[in-house]
Amino acid sequence: MQIGSSNDSEAVKAQYATSKGLDTRLSFHDKYSTNKLGYGNWIVSNYEIGEGMKVLELGCGTGSLWMGRDELVDKFGKFVLTDFSEGMLATAKGNLGEIKNLEYKQADIQDLPFEDGSFDVVIANSMLYHVPDIMKGISEVRRVLKDDGVFYTATLGENNFTDILAKWFELGGESFNPNHNFTMQNGAGMLKTAFADVEGRIYEDSLHVTDIEDLVDYLCSLASFKAIMDIPVDKIAQILKEHAVDGAIDLPKEYGMFIAKGLRNFGGRV
């Protein structure tokens with residue numbers, strides 16, 4: 001696996017065996033993002049989920065997207081939270097607890113343990129780029145969706161702050177290979193193999209980092225920045241401080257989501 005490619009199954013499993021690294025990244029973005037709506041709030045604001053619908057989330061992580069959203073979850077007819085990692089699923093269950101219409105299940109998007117046409121809505125946020133065979137994953141999503149179902153998938157763009165940081169640390173080649181396996185630039189083409197109607201939406205945001213140490217911790221949690229682990233922490237902080245203005249670092253972010261529907265003829269279904 002190339003550093004940063006993050007779609008090797010064993011590497012992904014190891015990276016997300018516990019929620020520690022993910023928690024670091026989530027808290028960092030919550031603290032320093034300039035759009036105070038919050039990425040999770042924006043994601044949910046795009047969902048159109050009617051009363052009694054059956055909903056499947058793939059790669060639920062810590063389940064944080066659904067914390068404090070009891071009113072929304074209560075109207076789902078059935079809600080299945082899945083993750084490739086047992087550790088993540090356990091964390092989600094600890095965060096959300098037992099809810100009458102909620103089921104937790106370990107699952108791989110490439111081989112989903114559900115019948116054809118089981119769900120009205122499938123959600124997969126910030127995870128398709130980790131999937132070894134993305135097209136297989138998309139075909140499985142298409143298979144388990146009802147004919148009028150909708151697939152919501154949030155992802156990153158290719159013009160993100162990690163590329164700027166890589167230049168600062170003079171990383172390249174094997175030292176920095178950003179994960180562009182499924183992005184806002186190339187994801188629509190992949191989704192259109194299974195869906196007739198694919199819409200992309202961009203979340204406008206940036207980072208204003210006022211504590212350099214937090215940025216150091218963030219970088220050390222990223223698979224694409226493993227190469228800097230060989231650099232002493234004080235040196236990492238020094239390099240970052242050289243790019244600060246009035247003690248702060250401003251960085252661009254490019255996040256968004258696709259909304260896919262209109263199932264194409266695939267695997268015997270229309």
Side-chain angles (χ1 to χ4, degrees), residues 5-7 12 16 22 25-26 29 38-49 53-66 69 72 76 79-85 88 92 105 107-112 114 117-160 178-205 253-264 266:
S5 62
S6 304
N7 68 333
V12 172
Y16 291 98
L22 180 59
R25 294 189 290 277
L26 290 175
H29 283 282
Y39 189 41
N41 292 330
W42 178 79
I43 287 173
V44 173
S45 73
N46 287 281
Y47 294 159
E48 295 183 9
I49 304 175
M53 284 187 172
K54 295 180 179 178
V55 180
L56 168 67
E57 183 177 20
L58 304 167
C60 68
T62 64
S64 60
L65 186 67
W66 307 102
R69 304 190 195 278
L72 175 61
F76 298 170
F79 189 22
V80 182
L81 283 182
T82 74
D83 202 282
F84 185 67
S85 163
M88 283 294 183
K105 193 174 186 68
D108 181 347
I109 188 176
Q110 299 166 112
D111 186 21
L112 294 174
F114 307 109
S118 299
F119 297 95
D120 298 285
V121 171
V122 175
I123 295 165
N125 293 325
S126 305
M127 60 83 70
L128 274 179
Y129 44 72
H130 288 311
V131 179
D133 189 340
I134 296 175
M135 301 311 296
K136 174 62 175 172
I138 291 173
S139 72
E140 277 290 272
V141 169
R142 185 242 177 272
R143 180 183 65 79
V144 302
L145 269 174
K146 295 180 180 180
D147 290 342
D148 59 352
V150 182
F151 180 36
Y152 297 95
T153 179
T155 192
L156 306 176
E158 296 177 13
N159 304 302
N160 253 305
N179 189 329
H180 290 168
N181 300 323
F182 183 88
T183 67
M184 291 305 299
Q185 282 73 23
N186 62 28
M190 300 183 204
L191 291 169
K192 285 178 180 178
T193 63
F195 299 91
D197 183 1
V198 177
E199 177 189 357
R201 298 180 182 178
I202 294 293
Y203 177 64
E204 301 293 339
D205 200 4
K253 289 173 67 174
E254 187 178 46
Y255 290 179
M257 74 183 306
F258 292 108
I259 302 172
K261 51 186 145 180
L263 305 187
R264 291 189 182 279
F266 185 87

**Prompt:** Quick one: side chain to side chain donor-acceptor pair (under 3.5 Å) partners of Lys54, sequence neighbours excluded?
**Reply:**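 Counting only residues at least two positions away or on another chain, Lys54 forms no side chain to side chain donor-acceptor pair (under 3.5 Å).
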
Could you tell me which non-hydrogen atom of [X] sits nearest to which non-hydrogen atom of [Y], and how far apart they are?
X      : Y      : value
Val198 : Ala260 : CG2-CB, 4.2 Å
Met190 : Asn181 : CE-O, 3.0 Å
Cys60  : Ala92  : SG-CB, 4.1 Å
Ala154 : Asn125 : N-OD1, 3.1 Å
Glu158 : Gln185 : N-OE1, 2.8 Å
Glu140 : Ile109 : CB-O, 3.2 Å

As an exercise, state the distance from [atom1] of [X] to [atom2] of [Y], rounded to the nearest 0.5 Å.
X      : Y      : atom1 : atom2 : answer
Thr155 : His180 : OG1   : NE2   : 10.0 Å
Phe151 : Leu128 : CZ    : CG    : 5.0 Å
Asn160 : Met184 : CG    : CE    : 11.5 Å
Lys192 : Phe258 : NZ    : CZ    : 9.0 Å
Leu56  : Lys105 : CG    : NZ    : 11.0 Å
Asp111 : Asp133 : CG    : CG    : 11.5 Å

Side-chain heavy-atom pair [X], [Y] within 4.5 angstrom cut-off:
X      : Y      : value
Glu48  : Val150 : no
Phe114 : Thr82  : yes
Leu191 : Glu199 : no
Thr153 : Phe182 : yes
Tyr39  : Lys253 : no
Leu72  : Trp66  : yes
Leu145 : Phe195 : yes
Leu156 : Asn179 : no

**Message:** By the definition ring-ring contact (aromatic ring centres under 6.0 Å, His included), identify the one residue from Tyr152, Phe76, Trp42 that meets it with Tyr47.
**Reply:**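 Among Tyr152, Phe76, Trp42, the one that satisfies the ring-ring contact (aromatic ring centres under 6.0 Å, His included) with Tyr47 is Tyr152.
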
When you measure from the side chain of [X] to the backbone N and O of [Y], does any donor-acceptor pair fall under 3.5 Å?
X      : Y      : answer
Ser118 : Val144 : no
Asp83  : Gly61  : yes
Arg142 : Thr193 : no

**Prompt:** Given the rule in the side chain to side chain donor-acceptor pair (under 3.5 Å) test, do Asn159 and Glu254 qualify, once you have shown the distances and angles that lead to the verdict?
**Reply:** CA-CA 6 Å; Asn159 304 302; Glu254 187 178 46; 3.2 Å; yes

**Message:** With side chain to side chain contact (heavy atoms under 4.5 Å, CB included) as the test, pick out the partner of Ile123 among Val55, Leu58, Val44, Ile43.
**Reply:**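 Of the listed residues Val55, Leu58, Val44, Ile43, the side chain to side chain contact (heavy atoms under 4.5 Å, CB included) partner of Ile123 is Val55.
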
